[in-house]
Amino acid sequence: QALELGVPTMQPGEVSFFLAAFPYAYGRPGSREPDVPPEAPLLFEVTLLEVRDGPDPQPLPPAVRLRLGSQRRERGNFHFARGDFTAALRSYRLSLRALDGPITAPPGPEEEEELREQRVKCLNNCAAAELKLGRAEEALVACESALRINPDNGRALLRHGQLLAEQGRDAEAALVLRRALELDPANKVIHTELSRLAKRQSSPSST
């Protein structure tokens, strides 16, 4: 986050040093790659070479796209844990751009599956951040995008059902939640949501 805050203040050609307390670097846990101890302050030296507006994504190998996507999603998780949901959403969207960008060669079966899994994780995280920002419609769109990639993703199904129920689309919500229950029969949250729907549907209409 130190770089996200500091670099926009720089001019092309400028060299800056940013001393970042641990909440603005790798956080309380630190990092294994790169090797950063827990709660470590960091000194960044940054040279701003140039500023480009909306560059076209460069073709990259699938493994590089996966690494970039994972790094940006983890940065989003860091922001989310700190309660900065706008920054978290921005990082998740950057992660999706990395995962969806052009590649230099077709991914192998394992890489293709991992790309799909990472996209679903990012979209689920986008939905969570949108909800924290009070944007239910955008959260619903993110859930639907995740389910288009993996129709049996339990997390997306549950949140999709909850959002449909909040909109009063009870029949659709019940279908989605029953599918989620088929995949995870012991999930108490799904049982609770279905019970709430059943009670609402069985109660007499107000006149």
Side-chain angles (χ1 to χ4, degrees), residues 1 4 27 57 62 65-103 107 109-203:
Q1 192 178 19
E4 291 179 355
R65 292 227 165 268
L66 284 166
R67 185 170 70 250
L68 283 173
S70 179
Q71 289 172 347
R72 291 170 180 178
R73 180 168 52 83
E74 287 172 5
R75 185 187 302 172
N77 292 344
F78 172 74
H79 291 313
F80 194 98
R82 296 182 71 246
D84 190 346
F85 305 116
T86 299
L89 188 60
R90 183 168 61 247
S91 293
Y92 295 144
R93 287 173 176 167
L94 286 171
S95 177
L96 286 168
R97 283 182 60 187
L99 295 168
D100 291 336
I103 54 177
E110 291 184 4
E111 288 174 326
E112 182 63 41
E113 181 60 27
E114 191 172 349
L115 283 166
R116 287 166 54 85
E117 288 180 5
Q118 283 211 36
R119 289 186 186 105
V120 170
K121 286 180 181 178
C122 265
L123 288 164
N124 275 328
N125 290 352
C126 284
E130 295 283 17
L131 281 174
K132 290 291 187 180
L133 293 168
R135 300 199 289 244
E137 281 295 336
E138 288 84 350
L140 188 64
V141 170
C143 288
E144 291 169 347
S145 297
L147 291 170
R148 278 195 292 272
I149 298 171
N150 182 2
D152 290 336
N153 182 265
R155 186 177 174 191
L157 283 167
L158 173 57
R159 185 173 283 125
H160 190 211
Q162 290 172 323
L163 288 166
L164 289 172
E166 287 176 10
Q167 292 185 349
R169 297 160 65 179
D170 291 2
E172 295 173 74
L175 285 173
V176 172
L177 291 169
R178 288 192 193 105
R179 178 56 185 156
L181 191 63
E182 289 176 10
L183 297 167
D184 188 5
N187 190 307
K188 294 181 180 179
V189 176
I190 302 173
H191 283 283
T192 300
E193 292 293 336
L194 282 169
S195 296
R196 185 180 294 119
L197 274 178
K199 288 178 183 176
R200 192 159 72 192
Q201 290 174 333
S202 63
S203 62

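Keep in mind that what you see is a predicted model, and the values were worked out from it rather than measured.
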Q. Do the charged groups of Glu130 and Arg93 touch, with an N to O distance under 4.0 Å?
A. yes
Would you find a donor on one side and an acceptor on the other, under 3.5 Å apart, between the side chain of [X] and the backbone of [Y]?
| X | Y | value |
| --- | --- | --- |
| Ser95 | Ser91 | no |
| Thr192 | Lys188 | yes |
| Arg200 | Ala165 | yes |
| Arg119 | Leu99 | yes |
| His191 | Pro185 | yes |
| Arg116 | Ile149 | yes |

Should the heavy atoms of other residues, nucleotides or ligands under 6.0 Å from CZ of Arg82 be counted, would the total exceed 12?
yes
Parallel, tilted or perpendicular: which fits the ring planes of Phe80 and Phe85, with parallel below 30° and perpendicular above 60°?
perpendicular
Within the 3.5 Å criterion, strictly below it, is a donor on Ser145 or Arg148 matched to an acceptor on the partner's side chain?
yes
Task: Flag for Arg155-Asn125: side-chain donor and acceptor within less than 3.5 Å - done: yes
Could you pull out the closest heavy-atom pair between [X] and [Y], with the gap in Å?
| X | Y | value |
| --- | --- | --- |
| Asp184 | Ile190 | O-CD1, 4.2 Å |
| Leu197 | Ala174 | CD1-N, 3.7 Å |
| Cys126 | Leu96 | SG-CD1, 4.1 Å |
| Ser70 | Gln118 | N-OE1, 3.2 Å |
| Tyr92 | Cys122 | O-SG, 3.9 Å |
| Gly69 | Ala98 | N-CB, 4.0 Å |

Going through the checks in order, is the side chain to side chain contact (heavy atoms under 4.5 Å, CB included) test met by Gln162 and Val189? CA-CA 10 Å; Gln162 290 172 323; Val189 176; 3.9 Å; yes
Does any part of the side chain of Arg159, heavy atoms only, come nearer than 4.5 Å to the side chain of Leu131, both counted from C-beta? yes
Which of Leu164, Leu163, Leu158 passes side chain to side chain contact (heavy atoms under 4.5 Å, CB included) with Val176? It is Leu164
